[in-house]
There are 2 protein chains.
Amino acid sequence: MVHRRADVVSRALDVLDRYGLADLTMRRLAAELSVQPSALYHHVPDKQTLLGLVADELLVRGARPLPGVDAPWDERVLATCAGLRESVLAYRDGAELVATVSAFGLGAHAPYDALVDALDTSGLPASLVPTAARTLLHFTYGHAVEEQTHLQAGSAGAIADGPREGSDFLAGLTLVVDGIRLRVGERSLSER
Amino acid sequence: MVHRRADVVSRALDVLDRYGLADLTMRRLAAELSVQPSALYHHVPDKQTLLGLVADELLVRGARPLPGVDAPWDERVLATCAGLRESVLAYRDGAELVATVSAFGLGAHAPYDALVDALDTSGLPASLVPTAARTLLHFTYGHAVEEQTHLQAGSAGAIADGPREGSDFLAGLTLVVDGIRLRVGERSLSER
DNA sequence: ACCTGAACACCGTTCAAGT
DNA sequence: ACCTGAACACCGTTCAAGT
């Protein structure tokens, strides 16, 4: 059976969703493709790179139409973070995968770029835009990883824990970066 | 050579700092203690638990005197987050270890408890205190992991990247949780 | 171009047995 | 109580060789 890189990546995403990140091994993936483990290295240089590609594929599949560039900046920011959260929660261990890949710079650059793009029209000084974008990603990933950990623990019965409010995501979140208020969800931005 | 659990944990922390999280293996640690890998299971049920103990030991060693309970709540919050950041940055891969352990509920409960404690005196409605505490931890861990990734990449020469501003941590950060402003560094807290 | 087969250098964990 | 020795069931990756 002959495969291409895209087959390997989409099959890997499938394995991730069905068995989890810990079971997404090169050997498991190879077996799933009815191929020897070594054959994977014809399509991908190493596992690290593969995970980056899987994260990007996950994000592409979860992508929804975002507000246009003419929309208010805070709507764009909120839609980007909320969409990101929805995308990573849609796949088993998706939050951990994307957060890891992002931290190591192996992929998942699109959300950062989208945030920078939206923040560029916010009136926030350009020098603070990267910090603000990273702060929003920190919160979004951190929150999503925790949500997913508890959601999955609940369904697997691994951790016995109280129920979880799931709807507080970015609810009225305001970040102030160096004295600049950056409110998400209400479009206010005031200095000092 | 006879060991106790404390010896295993502190040696593990030593291996973490010298060789990194990826090289903190049961076999490596055993070799470091001049013992067979199986001997470790006399002191610790599994690796997961060990990592939790190592994270807690790291936090204990990095602990500094915090403002007392009579101090302003925002000073206490800021000191907790800043101290947490300092502690995890002081050990190689410390941020990743503590963040992971914390996400999986295997340890590192002290910072969360300290934040809840401080926020209890902030005037924030009690029902929002857990969310606020988790939000602050998300930001602190996310920021620290990213700082450390880039710091270590720079010193190892693995990733070539621009220089990094290191002093923007919690600088004027305000979080608004459900309409309640929670400003850190200036002790304001206003509703709506 | 795509894959096999075999090997290398590792993992975490278990368990009977020793002192 | 603390540890050894040996095994089990895995890893990621390389590389010569096949079609």
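In the text below, chain A, chain B and the rest are named by the order of the sequence lines, each starting its count at 1. Because the structure is predicted, anything quoted here is derived from the model rather than measured.
Side-chain contact check for Phe104(A) versus Gln48(A): every heavy-atom pair is 4.5 Å or farther apart. His3(B) places none of its side-chain heavy atoms less than 4.5 Å from the side chain of Arg11(B).
Side-chain atoms of Ser38(B) and base atoms of dG5(D) include a donor and an acceptor less than 3.5 Å apart.
When all heavy atoms of Val145(B) and Ala103(A) are compared, the closest pair comes out as CG1-CB, 4.3 Å. Taking both residues in full, the closest heavy atoms of Thr25(A) and Lys47(A) are given as CA-NZ, 4.2 Å, listed atom of the first, atom of the second, then distance. Glu32(A) and Arg18(A) make their closest contact through OE2-NH2, 2.6 Å (heavy atoms, listed as atom of the first residue, atom of the second, distance).
Distance, Leu29(A) CG to dC10(D) P: 17 Å, rounded to whole Å. The nearest whole Å value for the distance from the CZ atom in Arg27(A) to the C1' atom in dT13(D) is 9 Å. If you take CG of Asp23(B) and P of dC11(C), they are 8 Å apart, rounded to a whole angstrom. Computed from coordinates, the Met26(B) CE to dA7(D) P distance equals 21 Å when rounded to whole Å. Computed from coordinates, the Asp7(B) CG to dC2(D) P distance equals 10 Å when rounded to whole Å. In this structure, CG of Leu33(A) is placed 15 Å from C1' of dT4(C), rounded to the nearest angstrom.
Within the 3.5 Å criterion, the main-chain N or O of Leu16(A) finds no donor-acceptor partner in the side chain of Arg92(A). Remark: side-chain polar atoms of Asp7(B) are paired, donor with acceptor, to backbone N or O of Arg4(B) under 3.5 angstrom.
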Pairing of DNA chain D as dot-bracket, 5' to 3': ( ) intra-strand, [ ] crossing, | other strand, . unpaired, with Watson-Crick or G-U pairs under 3.5 Å? ||.|||||...|||||.||

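Of the candidates dC2(D), dG5(C), dT13(D), the closest approach to any side-chain atom of Gln36(A) belongs to dG5(C). Listed nucleotides: dT13(D), dC11(D), dT4(D). Nearest to the side chain of Val35(B): dT4(D).
Taking atom P on both nucleotides, dC10(C) is separated from dA9(D) by 22 Å, rounded to a whole Å.
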Does the pair Val15(A) and Asp23(A) meet the rule for a side-chain contact (heavy atoms from CB on, under 4.5 Å), with working shown? CA-CA 8 Å; Val15(A) 171; Asp23(A) 283 354; 5.5 Å; no

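A heavy atom closer than 4.0 Å to some atom of DNA chain D occurs in Tyr41(A), Asp46(A), Lys47(A), these being the qualifying members of residues 40-49 of chain A.
Here His3(A) reaches the OP1 or OP2 of dC3(C): one of its side-chain N or O atoms lies under 4.0 Å away.
Contacts of Glu96(B) classified as side chain to side chain donor-acceptor pair (under 3.5 Å), with partners at least two apart in sequence or in another chain: none.
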